[in-house]
Every structure is written in C-alpha cells, then in structure tokens.
> 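Got a structure for you, questions after.
In what follows, every heavy atom counts, from backbone to side chain, and hydrogens, waters and symmetry copies are set aside. Counting starts at 1 for both ligands and their atoms, following the listed order.
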Amino acid sequence: MFFDHIEAAPADPILGLTEKFQQDQRPGKINLGVGVYKDESGATPILKCVKEAERRIFDEEKSKTYLPITGIPEFGRLTRELLFGKGSPRVADGSAVTCHCPGGTGALRFGADFIIQQGLSKTVWISDPTWINHVQIAKSSGLRFERYPYYDPDTHSIPFDRMMGTLSKAKEGDVVLIHACCHNPTGLDLNPAQWRELSLFLKERHLLPALDFAYQGFGDGLEEDAAGLRAILENNAEALIASSFSKNFGLYCERVGALTVVCADKATAERANSQLKITVRTSISNPPAHGEKIVLTVLSDPELRAQWEGELATMRNRINDMRSQLAARLNDSGVGDFSFMQGQRGMFSFSGLTKDQVAALQRDFGIYIVGSGRICVAGINQGNLDRLVEAMAKVIRG
Ligand code: LMR
C-alpha cells in the first residue's frame, strides 16, 4: 500500500492542547494554551469595529472575483503605515512592498519560501526559546536554523551579552529572526539601547533582519510596539517583516497577515514584488478577501479606526491587569517571587513552571498551558483566577 509507512505525528504543542482541552469533560477546566484573547466572560469577542466593517462590506460588495496576487494595494499601504509610522517615506515611496498572506504564519512561510527561492540565505538564527512554529516553518521550507539564547531562567531576563555573543558566530548573509514586540513565549522585549545595538550589529555584520510582528498593540500601544522594528530599520536598508492582524483585530480565523519586503530602493522593490507574486501564485494563487477587506475598511475610516484603537486598548489593559493580579496573587500564596511577570508584555507570561508542573496542572486540575510554562494571560479572568493560583501553588509545592 502507498500510505502504510506513514507514521503518526505528535500533536501540535499549542493547537494540539486545544484539541485535548475540548475532549476534557471536567468542569472548571481552563485553556491557557493557545494565544487567543478572551474577555472577562471567557468569550473571544468579534470587535465592534469589525462587525460594522463586515456590515458595510456585506451591503456594498458587488463581486467575489479574485483579488490581485499580493492583495489590495491600499491594504498594503495601510499595513506599512502601521509598521513604519504615518510620516515615514517607506509607506509610499515604493521601496517597501507588502503582500497579503494568510495570517502571520502565512507571512512567515512566504518569507521563508522567498528567502530560499531568491537564494538570499540558507540559515536563519532563531531565538531560544521561541514560538515553536518558527522552527517548524524553517525546517519545512528548507532553511537551516541556529539558535541564539534569549532567556535566563535564573534572572527571568534576556541574557543580552550572551545573545550577541552567539549571534557574532552568524555568517555574513545569514537571516536573524527577531520578535518585534511581545516576545512569544517569554514576553520579554529588548530595551531601546539594546535595539540600537542589535540594529548596528546587523548592519555591520551584514545580516538580514526578519521581524515577526504578530502582536502590535498588545504591549504598550501601536506606536510604542513598533519602536524596535523602526530602530532596526534605522540602520538596515533591507528587511523582511511578517505582521499579523489575527490578534490585534481578533481576526484569527480570517487569516489576515502581511509580508513586507523592505528594499534599498524602488527599482529593487519592484523586482522583489514580481518574484513575490510567483511565491504566492505557486502556493495559494491569490489571497482570501474577507479579512483583508475588514482591515482595509477599518483602517481607512477615521471613526472605525478610532474605535479599533479603543477596543485594542481595552484588550491590552485587561491582559496587563490580569498579569498584575496573577503575579500579586502568586506572591501572596507564598510559593515564590513572581514579580518578574510584571516586566513581561503581550498575551503571554513565561511562568517558570517546569514540564512536570505543567503536566500536573493539566492532569490534576484540567488547566492547560504550553509545555514550556507559557501561560496565555489573555485567557485569565476573575472567574478562573482563584482556581489557577491555587492549582499553581499546589503544583509548585509538589
Ligand atoms: C500562539 O502562540 O499560541 C499563537 O500564535 C497561536 C498559534 O498559532 O500558535
């Protein structure tokens, strides 16, 4: 038989948790695995600005014909405005091109394919730890990967000197994948001086920056969260940026992301764009329209845009509040000092729980977090906080 030799693959370390959670029949189970925002009632809401945009699209849309291969040009311009800032020449001078991709994952995959297809590099440097799919995408697109240290478990901070020391082994032309904000899974971002140092280092060593920007607006704000990316671009004329609207628009299942290729000039960008079209055409042919039109509608209407920023701030503030409460309650429970969580940003807290403690949380309490100890803080609410803190304290005490 043709398929007999196929071996069963392990479940995905993040999405597989949701499957397991759904099969769990215990009342009081809590899913803090996948990075999906939930409100105080435990629901993942559709943003009001999104609902209004959908209403308008529904009323006004006249055709379901194909979109251009790289998406609607205005969607690309608005995406670049979020990345580079309104006043940046890169938004519209033609030196950067943007392609609508199916989610941030799609953008990463198209970026990796583009690197291989254009012979840009064979090696990508990935932070350790990182979002597990970075490694999987690198492997399946045919890139070799190396790791640079990004987390010191003793100090719960970024070992910046070691990180730079390891990166100094990178060869000219290698790609360095950087989380632009809200590092997944640690929640730790570089400070402004470190961003500057990294930026100059990449330029001097002739390394290609690839930025994964999946959480813009979930750290400190839309502009604040773009500061690291902009610091990199200050010294580097070329970069790849994978951005996502899954989280900040709550458009998870609509798969809206973008790959932006920043080039030294317009002529190069035009050539890059012509090749990007082939990357897309040979993969998904052209992008799905609905999510892209939602983003386009919201970002191009001042009222909807303001509403979006308000709704995004509500999500961000609730997450930060839950993180503070979790840290304070764990400190009160006397099982350790969790004040380090306060310095983390974005949807996740890297708790420091061991693999065994994570397994015990799942087995004994029906609480699902990622094996690395990553907790999706965006899934905590007043209704499940007590249970979570009690369970964590119990597994820590052993
Ligand atoms: C996560 O890290 O949980 C999210 O980015 C969702 C995913 O696809 O893994």
Side-chain angles (χ1 to χ4, degrees), residues 9-22 29-39 42 44-45 101-112 126-141 150-151 177-189 210-219 225 241-259 284 288 291 312 315-316 318-319 322-323 326 341 344-351 353 358 361-362 367-380 388:
D12 183 83
I14 297 176
L15 299 185
L17 280 179
T18 303
E19 290 167 18
K20 214 166 167 200
F21 173 81
Q22 277 158 356
K29 61 181 180 172
I30 310 173
N31 187 4
L32 303 176
V34 67
V36 169
Y37 177 81
K38 300 201 186 87
D39 63 16
T44 300
C101 305
T105 306
L108 286 162
R109 179 59 199 244
F110 287 177
I126 301 178
S127 72
D128 183 13
T130 194
W131 181 50
I132 185 68
N133 222 13
H134 282 160
V135 173
Q136 300 179 153
I137 289 169
K139 277 188 191 164
S140 51
S141 59
Y150 195 81
Y151 185 71
L177 180 60
I178 308 155
H179 299 233
C181 76
C182 306
H183 182 272
N184 179 2
T186 67
L188 296 173
D189 294 329
L211 292 130
D212 182 356
F213 200 20
Y215 294 92
Q216 186 174 13
F218 273 86
D225 291 353
I241 304 167
S243 56
S244 171
F245 295 103
S246 298
K247 323 280 176 171
N248 56 16
F249 269 80
L251 286 175
Y252 306 93
C253 68
E254 298 294 355
R255 312 309 295 137
V256 204
L259 173 65
I284 57 164
L312 179 56
M315 292 195 277
R316 176 174 64 244
R318 203 191 81 75
I319 293 171
M322 290 323 302
R323 191 195 324 278
L326 176 63
M341 282 183 173
Q344 301 171 342
R345 281 288 169 279
M347 277 194 173
F348 307 117
S349 261
F350 211 46
S351 63
L353 291 191
V358 171
L361 269 186
Q362 192 183 120
I367 296 177
Y368 291 73
I369 70 171
V370 178
S372 61
R374 187 194 85 171
I375 297 175
C376 179
V377 189
I380 306 175
L388 173 65

> Let me have the donor-acceptor pairs involving side chains of residues 248-258, under 3.5 Å, with sequence neighbours excluded, atom names and distances please.
from	atom 1	to	atom 2	distance (Å)
Asn248	ND2	Gln216	O	3.0
Tyr252	OH	Tyr37	N	3.0
Arg255	NH1	Tyr252	O	3.1

> Output yes when a side-chain donor or acceptor of Arg318 lies under 3.5 Å from a complementary backbone atom of Lys38, and no otherwise.
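Yes, because the side chain of Arg318 sits within donor-acceptor range (under 3.5 Å) of the backbone of Lys38.
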> Under a 4.0 Å heavy-atom cut-off, which residues neighbour ligand 1?
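Residue list for ligand 1: Ile14, Val34, Gly35, Trp131, Asn184, Tyr215, Lys247, Phe348, Arg374.
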> Of the non-hydrogen atoms in Leu388 and Ile380, which two are nearest, and what is the gap between them?
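That closest heavy-atom pairing would be CD2-CD1, 3.7 Å.
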> If you look at every heavy atom in Ala214 and Lys247, which pair is closest and at what distance?
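Heavy atoms of Ala214 and Lys247 come nearest at O-CG, 3.5 Å.
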> Roughly how far, to the nearest 0.5 Å, is the CE atom of Met347 from the OH atom of Tyr215?
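These two atoms lie 6.0 Å from each other.
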> Would you say Pro102 and Ile284 make side-chain contact, with heavy atoms under 4.5 Å?
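Touching, per the 4.5 Å side-chain cut-off.
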